[in-house]
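Working notes, structure below.
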Amino acid sequence: MTVLTLHDVTVTYPDGGHTVTALEHVSFSARAGELTAVVGESGSGKSTLLSVAAGLSSPDSGVVDVRGGTGMVFQSPNLLDSLTVREQLLVTDHIRGTRITRGRRRRADGLLARVGLEGYGDRRPHQLSGGQRQRVNIARALTGEPALLLADEPTSALDHRLSRRIVELLRGLTTDRGLATVLVTHDRSQLDLADRVVEMRDGTLVG
């Protein structure tokens, strides 16, 4: 099933006295159970593609269609120092207006276990490694049970070994939960874990 569809999407923004075209007539789709990697040079339009897919920005023209909720894994985990690992997940429930019950706490612990952090619920961000913080970031993105998972350079601050583990985790979650996952990455050494690889170049899709 196709979860995300971009059809003939164009995005421009002002830059001084000029207009920059970030996306130019881009058509793209992502299917449930598939991990699609998006590669390209800095400034090629990768992050704009994710921003439009997430609904964080609107295209000048074209159609964006998302079937189901969206979870976002940002480049930096941006965890709140004052909250425990479990509370990092529960705060998204609070924002949505969902009552935080014992069942929601158990569910948060279940998500932490799925990303390899079983028993870490009471720890604080300063007690975690960089890879563990990114795993919390991923678990937090799953709290709303999204159909679409968007990951923007989630391994950029990690070494090769940890980067591999994070992408392997995303690969496993994509399959197990039937997610349509779009991974923006500059690390081409992990592309064997993707079902499909596309390349952005100067605002256009070339692969």
Side-chain angles (χ1 to χ4, degrees), residues 2-31 34-81 88 91-92 94-97 130 133-134 136-138 140-144 146-158 163 166-167 170 174 179-191 194 196-207:
T2 300
V3 175
L4 167 69
T5 303
L6 274 65
H7 178 68
D8 200 25
V9 168
T10 295
V11 177
T12 63
Y13 60 87
D15 182 22
H18 304 279
T19 298
V20 173
T21 301
L23 295 179
E24 186 171 7
H25 301 294
V26 169
S27 293
F28 173 84
S29 63
R31 294 178 56 82
E34 292 185 356
L35 191 158
T36 302
V38 181
V39 299
E41 299 298 324
S42 178
S44 62
K46 304 188 305 296
S47 292
T48 302
L49 178 72
L50 243 58
S51 178
V52 168
L56 300 177
S57 59
S58 300
D60 293 57
S61 61
V63 176
V64 180
D65 182 28
V66 179
R67 305 294 177 92
T70 304
M72 189 82 185
V73 180
F74 295 98
Q75 183 173 348
S76 173
N78 294 317
L79 302 182
L80 300 171
D81 293 337
Q88 308 288 338
V91 73
T92 62
H94 179 72
I95 291 170
R96 292 189 190 97
R133 286 193 291 270
Q134 195 58 283
V136 176
N137 191 13
I138 293 169
R140 184 175 56 190
L142 297 174
T143 57
L148 175 66
L149 184 64
L150 305 172
D152 190 7
E153 298 277 11
T155 66
S156 61
L158 305 177
S163 294
I166 290 297
V167 179
L170 291 171
T174 299
L179 298 170
T181 299
V182 181
L183 168 67
V184 164
T185 182
H186 67 279
D187 187 353
R188 293 175 182 261
S189 69
Q190 318 295 350
L191 297 183
R196 185 165 63 110
V197 179
V198 298
E199 183 176 359
M200 294 293 302
R201 188 181 302 161
D202 297 327
T204 62
L205 212 56
V206 296

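For reference, positions follow the sequence shown, starting with 1.
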Residues D8, V63; criterion side-chain contact (heavy atoms from CB on, under 4.5 Å); working and verdict: CA-CA 7 Å; D8 200 25; V63 176; over 6 Å; no
Quick one: pull up [atom1] in [X] and [atom2] in [Y] and give me the separation to the nearest 0.5 Å.
X	Y	atom1	atom2	value
L6	S27	CG	OG	7.5 Å
E34	L179	CD	CG	12.0 Å
N137	L142	CG	CG	10.0 Å
L170	L35	CG	CG	6.5 Å
E199	S44	CD	OG	7.5 Å
E153	L158	CD	CG	11.5 Å

Closest non-hydrogen atom pair between [X] and [Y], with its separation:
X	Y	result
G68	A147	CA-CB, 4.1 Å
V9	P59	CG1-CB, 3.6 Å
A141	V73	CB-CG2, 3.8 Å
G203	V26	O-CG2, 3.3 Å
L23	T21	O-CG2, 3.3 Å
T70	P146	C-CB, 3.7 Å

Any side chain to side chain donor-acceptor pair (under 3.5 Å) involving residues 48-67? Give me the pairs, sequence neighbours left out, ordered by first then second residue. T12-D60, S51-S57, D65-R67
Does a side-chain heavy-atom distance below 4.5 Å link [X] with [Y]?
X	Y	value
R140	L79	yes
L205	M200	yes
L149	T174	no
S47	D152	yes

Sorted by first residue and then second, give each salt bridge (Lys or Arg N to Asp or Glu O under 4.0 Å) pair with at least one member in residues 36-55; sequence neighbours left out. none
side-chain contact (heavy atoms from CB on, under 4.5 Å) evaluation trace for L49 with V184: CA-CA 9 Å; L49 178 72; V184 164; 5.7 Å; no
List the steps and the verdict of side-chain contact (heavy atoms from CB on, under 4.5 Å) for Q88 and L80. CA-CA 7 Å; Q88 308 288 338; L80 300 171; 4.0 Å; yes
Walk me through it: do E24 and D202 pass the test side-chain contact (heavy atoms from CB on, under 4.5 Å)? CA-CA 8 Å; E24 186 171 7; D202 297 327; over 6 Å; no
For P154, does its backbone N or O pair with a side-chain atom of Q134 as donor and acceptor, under 3.5 Å? yes
I'd like to know whether NE2 of H7 has more than 12 heavy-atom contacts from other residues, nucleotides or ligands below 6.0 angstrom. no
